[in-house]
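Below you'll find the structure, written out as C-alpha cells, and then a few comments.
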Number of protein chains: 2
Amino acid sequence: MKLNTKSRYAVMALADLAKFSSQNPVSLRDISLRQNISILYLEQIFLKLKKNFIVRSVRGVNGGYVLNKNPQDIKIAEIFLALDEKVKTMACKKDIKKSCTGKSVKCITHNLWDELDIHINSFFENKKLSDLLIKQQNRAQ
Amino acid sequence: MKLNTKSRYAVMALADLAKFSSQNPVSLRDISLRQNISILYLEQIFLKLKKNFIVRSVRGVNGGYVLNKNPQDIKIAEIFLALDEKVKTMACKKDIKKSCTGKSVKCITHNLWDELDIHINSFFENKKLSDLLIKQQNRAQ
DNA sequence: TATATACCCGACTAAAATAGTCAAGTTTTA
DNA sequence: TAAAACTTGACTATTTTAGTCGGGTATATA
C-alpha cells in the first residue's frame, strides 16, 4: 500500500508554493529546480490543482502559480481529491454483484475496509497545508 | 492507494477459518470454494501465514489449516505484517540520500507520511480478527 | 503399504497501473 | 514580437500485482 508520486509531489509543490508565493507567482521551473520534479510532470499536476481551484495561474513572463486560499484553509484531503486520489482501500463493487448479501465473510471484510477508509480520510480532512509549514519552522530552529 | 488482494484474501480466509475450524482443520479447497479464491493463490498466502505462526497446518487426508491462536488474539496488523504488507505510504530513503536535511519541503511532507503510517497502523493494531466475527453475528440477526 | 489428499516452494507470466515524456500548441507581457 | 509560461492529449517504458505452473514432500487411512 503506497501513495503514488503524483499525490506526494502535489503536496510538496504546494508546500513550496506556500513558502514562496506570498508576493509573486512561482513558476513551475522554480518548483522543478527546488523540489527536483520534472516540469512536464508538474504541469500535469498543476492542471488538476487549478481545475479544483486550489491554485490559480498567472500567465505571461514572470507568471506562475499562486495559492488560491490561505494555507490554513487547504485541507490535505482536497489536494488528494483534486488528483483523483481519494483514499479507497478497495473497489468491492464487482464482488457485491455476486453473492455479497451482508452475511458472507466477504462482507465482513468489506466492512473493515470501509472503516479504514473513514479512518484515513478523517486524518487528511483534519490536516491543513499550514500544519506542515508550522512543523517546518519548529524544526528549523 | 489500494490494498492488494493478498492482504484482503488473507483476512477473508482467516475469517473463514475462524468460523469453520473450531473442531477440524479446514482445507484450502473448502476455503477456495466458499470464498472464491484460487487454491494456488491461497497456498501462497497460507505459506506466509504459517511462517508467522498465525495458522498451523495438519497434513494428510482430512488435513488443512487451523488458527494458531484465538481470534481475539490475532491483530489485523500481524496479518498484514505476515504478508509483507506493512502499511508504508512511501519509501523515502532514496530521497533522503540527496538533500533531505530536515529543513527542506521534502522533509516536511515525509513527516506527514510518517504520521499517516502511524495513524493507519494503529487502526490495524487495535482491530482483532474476532471484531469482524462479532460484527457478522450482529448483522445476521 | 499404497495412494489419495493436502501442504510446500520457487519460478514464471500476463495484465494493469504508474511515472514520466513528447509534441504541438495558446496566452500574455515586457 | 519573442520569450516566458501555461494547456492539453497522446504516448511509452517500467514496475507492480495477481495469479499460474510444475514439480515436489508429508501423512492418514483403507
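Throughout, protein chains are lettered first and strands after them, A, B, ... in sequence-line order, and every chain is numbered starting at 1.
For the pair Tyr65(B) and Pro25(B), the minimum side-chain heavy-atom distance is 4.5 Å or more. Under the 4.5 Å side-chain criterion, counting only non-hydrogen atoms from C-beta, Ile54(B) is in contact with Glu78(B). Counting heavy atoms from C-beta on, the side chains of Arg34(B) and Val26(B) come closer than 4.5 Å.
Whole-Å rounding puts the Leu83(B) CG to dG19(D) P distance at 14 Å. Atom pair Lys50(A):NZ and dT26(C):C1' shows a separation of 11 Å (rounding to whole Å applied). Between Arg29(B) atom CZ and dC7(C) atom P there is a gap of 11 Å when expressed in whole angstrom units. Taking atom CG of residue Leu42(B) and atom P of nucleotide dA6(C), one finds them 14 Å apart after rounding to whole Å. Protein atom NZ of Lys51(A) is 16 Å distant from nucleotide atom P of dC6(D), rounded to whole Å. Between Asn24(B) atom CG and dT5(C) atom C1' there is a gap of 15 Å when expressed in whole angstrom units. Rounding to whole angstrom units, CG of residue Leu47(A) and C1' of dA10(D) are separated by 14 Å. Computed from coordinates, the Ile45(B) CD1 to dC9(C) C1' distance equals 15 Å when rounded to whole Å.
In this structure, Ser32(A) contributes its side chain and Ile37(A) its backbone to a donor-acceptor pair below 3.5 Å. Judged by distance alone, the side chain of Asn126(A) and the main-chain N or O of Ser122(A) form a donor-acceptor pair under 3.5 Å. Asn4(A) places a side-chain N or O within donor-acceptor distance of the main-chain N or O of Ser7(A), the cut-off being under 3.5 Å.
Put simply, the side chain of Arg59(A) and the base of dT29(C) share no donor and acceptor less than 3.5 Å apart.
Among the protein residues, Tyr65(B) comes within range of the sugar-phosphate backbone only, with heavy atoms under 4.0 Å from sugar or phosphate atoms but none that close to a base.
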Could you list, one pair per line, each protein nitrogen or oxygen that sits under 3.5 Å from a nitrogen or oxygen of nucleotides 19-23 of chain C, together with the distance?
| from | atom 1 | to | atom 2 | distance (Å) |
| --- | --- | --- | --- | --- |
| dA19(C) | OP1 | Thr5(A) | N | 2.6 |
| dA19(C) | OP1 | Thr5(A) | OG1 | 3.2 |
| dA19(C) | OP2 | Thr5(A) | N | 3.3 |
| dA19(C) | OP2 | Thr5(A) | OG1 | 3.3 |
| dA19(C) | O5' | Thr5(A) | OG1 | 3.1 |
| dT21(C) | OP2 | Ser38(A) | OG | 2.7 |
| dT21(C) | O4 | Gln44(A) | NE2 | 2.6 |

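The nearest heavy atom of DNA chain D to Val61(A) and to Ser57(A) marks one nucleotide each, and the one closer to the 5' end goes with Val61(A).
Contact between Lys128(B) and Gln72(B) at its shortest, heavy atoms only, is CD-O, 3.4 Å.
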